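Nothing here was measured: the structure is a model prediction, and the numbers come from that model. One is the number of the first residue; the rest follow in order along the sequence. Below, all heavy atoms of this structure are taken into account, side chains as well, without hydrogens, waters or symmetry copies.
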Amino acid sequence: YDYEHKLRYRMADAEALTPASLRAFMMTFKSGNLTPFIRSQRPPEDNSGPVKMVVAHTFDEIVLDPTKDVFLRVYAPWSGHCKHMQPKFHATAELLRDVPSVVVAELDGTANEMPPLLVEHVRGYPTILFIPARSKPVKSAAEILRYEGPRLAADMFEYVIKHASIPIESGATAAAGGESYTLWVFQWMVL
């Protein structure tokens, strides 16, 4: 374990533990050529839906993309609260689907290792976070916003619009009949 960088390393499962193999492992670690072990699900083959599935190995690519504001739900598949909230979160993603500067994403917090900056915010499931594009690369946990509002699609949509660091053009909501109409439809759908 590298305490300074909070990274774990492990020997290959097939490698027999001998003094020579341990010595080689430690030398590779000291030289900086050892790849950290990160617990991660496999990335989905198709990630083209309105909600992007994030796994530990795709976290940097999706969540830390400096050109996107990211609205991230960290969930546990067995949690009743997460199951109840999922349709509302997905409705929010549908509403934001045509906004190119916003990514709505989910991460299974029980099956994927999270970066230390994210761990500070996740105290239970579901946890919803907003990572603005302007704060990337993220240097401190203070740059990540924790959504504490109502778990309704309309409220989450308003939060993203309000906190977006890249201006969202009104055409994105006008296409659905205007912002107030869209919010009314989504409130009706999720109540």
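- Under the 3.5 Å distance criterion, the side-chain polar atoms of Asp69 are matched with a main-chain donor or acceptor of Ile166.
- In this structure, the side chains of Arg134 and Glu143 stay at 4.5 Å or more apart for every pair of heavy atoms.
- With sequence neighbours excluded, no residue satisfies salt bridge (Lys or Arg N to Asp or Glu O under 4.0 Å) with Arg39.
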N/O donor-acceptor pairs under 3.5 Å from side chains in residues 119-132, not counting sequence neighbours:
residue, atom, partner, partner atom, Å
His121, NE2, Ala141, O, 2.8
Tyr125, OH, Gly109, O, 3.3
Thr127, OG1, Gly124, O, 2.5

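- Take Tyr147 and apply the ring-ring contact (aromatic ring centres under 6.0 Å, His included) test, not counting sequence neighbours, and it matches Phe71, Tyr159.
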- prompt: So Val99 and Val160, side-chain contact (heavy atoms from CB on, under 4.5 Å) or not? Walk me through it.
  reply: CA-CA 11 Å; Val99 180; Val160 172; over 6 Å; no
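- Screening residues 49-59 for side-chain hydrogen bond (donor to acceptor under 3.5 Å, both in side chains) gives no qualifying pairs among residues at least two apart or on separate chains.
- Taken to the nearest 0.5 Å, the CD atom of Glu61 stands 9.0 Å off from the CG atom of Asn47.
- The environment of His81 atom NE2 is sparse: at most 12 non-hydrogen atoms of other residues, nucleotides or ligands sit within 6.0 angstrom.
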message: Run the side-chain contact (heavy atoms from CB on, under 4.5 Å) test on Leu72 and Leu118 for me, step by step, so that the C-alpha distance in whole Å, both residues' side-chain angles and the decisive distance to 0.1 Å come before the verdict.
response: CA-CA 11 Å; Leu72 177 69; Leu118 205 63; 4.2 Å; yes
task: Check the pair Met11, Ser21 against side-chain contact (heavy atoms from CB on, under 4.5 Å), reporting the backbone distance first and the verdict last.
output: CA-CA 9 Å; Met11 293 178 70; Ser21 67; 3.5 Å; yes
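- Between Thr110 and Pro77, the shortest heavy-atom contact is OG1-CD, 3.6 Å.
- Here the side chains of Phe25 and Tyr9 are in contact, with some heavy-atom distance below 4.5 Å.
- The CZ atom of Phe29 sits 6.0 Å away from the CE atom of Met26 when rounded to the nearest 0.5 Å.
- Across all non-hydrogen atoms, the minimal contact from Ser165 to Ala133 is OG-N, 3.2 Å.
- In terms of hydrophobic clustering, with Ile, Leu, Val, Met, Phe, Trp and Tyr side chains grouped at heavy-atom distances under 4.5 Å, Val103 and Ile144 are assigned to a common cluster.
- Phe37 and Leu17 fall into different hydrophobic clusters, where Ile, Leu, Val, Met, Phe, Trp and Tyr residues are linked whenever their side-chain heavy atoms come under 4.5 Å apart, directly or through other members.
- For the atom pair CG (Asp108) and CE (Met114), the distance works out to 9.0 Å, reported to the nearest 0.5 Å.
- When all heavy atoms are compared, the tightest approach of Pro115 to Phe59 is CG-CE2, 3.4 Å.
- Put simply, Val102 and Leu145 are part of the same group of oily side chains (I, L, V, M, F, W, Y) that touch within less than 4.5 Å, one to the next.
- Following chains of ILVMFWY side-chain contacts shorter than 4.5 Å, one cannot reach Met53 starting from Val104, and the two form parts of different hydrophobic clusters.
- Applying the salt bridge (Lys or Arg N to Asp or Glu O under 4.0 Å) criterion to Glu148, with sequence neighbours excluded, gives Arg146.
- Closest heavy-atom contact between Ala56 and Leu107: N-CD1, 4.4 Å.
- Just one residue in the list Val55, Val70, Val54 forms a side chain to side chain contact (heavy atoms under 4.5 Å, CB included) with Ile62, and that residue is Val54.
- Donor-acceptor pairing under 3.5 Å is lacking for the side chains of Ser31 and Thr28.
- To the nearest 0.5 angstrom, Ile38 atom CD1 is 10.5 Å from Asn112 atom CG.
- Glu106 meets the side chain to side chain donor-acceptor pair (under 3.5 Å) test with Arg73, His90; sequence neighbours excluded.
- Using modelled atom types, one side-chain atom of Lys68 and one backbone atom of Pro100 make a donor-acceptor pair closer than 3.5 Å.
- Although no hydrogens or angles enter the test, the distance criterion places a donor-acceptor pair under 3.5 Å between the side chain of Thr92 and the main chain of Lys88.
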task: Begin with the C-alpha distance, continue with both residues' side-chain angles, and end with the deciding distance and a verdict on side-chain contact (heavy atoms from CB on, under 4.5 Å) for Ser101 and Thr67.
output: CA-CA 7 Å; Ser101 61; Thr67 66; over 6 Å; no
